[in-house]
Amino acid sequence: MRYFNEIKRSDRDLVVKLGLRTKLLIGIFLILLPVLGLLLYGFRSEYERRVENILDSQMQTAETAGTLVDAVFGAGLDVAWTLTFDP
């Protein structure tokens with residue numbers, strides 16, 4: 001029986017007493033932690049969407065510039081062939 005009482009006393013020593021302010025701060029932190037997670041997830045998904053849109057716009061610009069350069073070189077080759085055969 002004495003041994004059981006000694007264990008109970010040691011268990012009581014392990015309990016940490018927290019003040020009201022500390023308990024409130026821990027509660028607020030535990031409530032705001034998921035909100036922070038959702039905000040970070042939203043920012044990350046928005047960032048990925050922006051990067052994808054920017055890359056798509058750059059790809060369209062490159063394709064347009066490529067088409068324009070191809071047309072200019074094609075016209076230049078037509079002029080060169082014309083000058084070659086009919087000076």
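The shown structure was predicted, so the numbers you read here are calculated from the model rather than taken from an experiment. Nothing fancy with the numbering, it's 1 onward along the sequence.
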Considering only Ile, Leu, Val, Met, Phe, Trp and Tyr, and joining two whenever side-chain heavy atoms are under 4.5 Å apart, list the other residues clustered with [X].
X   : result
L25 : none
Y41 : none
L40 : L36
L32 : I28

Could you work out, with side-chain contact (heavy atoms from CB on, under 4.5 Å) as the rule, every residue matching [X], not counting sequence neighbours?
X   : answer
V51 : Y47, L55
R49 : E46, N53
I26 : L18, T22, L30

Enumerate, atom names and distances included, each donor-acceptor pair closer than 3.5 Å involving a side-chain atom of residues 58-80, sequence neighbours excluded.
from: T61; atom 1: OG1; to: S57; atom 2: O; distance (Å): 2.9
from: T64; atom 1: OG1; to: Q60; atom 2: O; distance (Å): 2.8
from: T67; atom 1: OG1; to: E63; atom 2: O; distance (Å): 2.8

(message) Among R50, R44, E52, exactly one meets side-chain contact (heavy atoms from CB on, under 4.5 Å) together with E48. Which residue is that?
(response)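 When side-chain contact (heavy atoms from CB on, under 4.5 Å) is applied between E48 and each of R50, R44, E52, only R44 qualifies.
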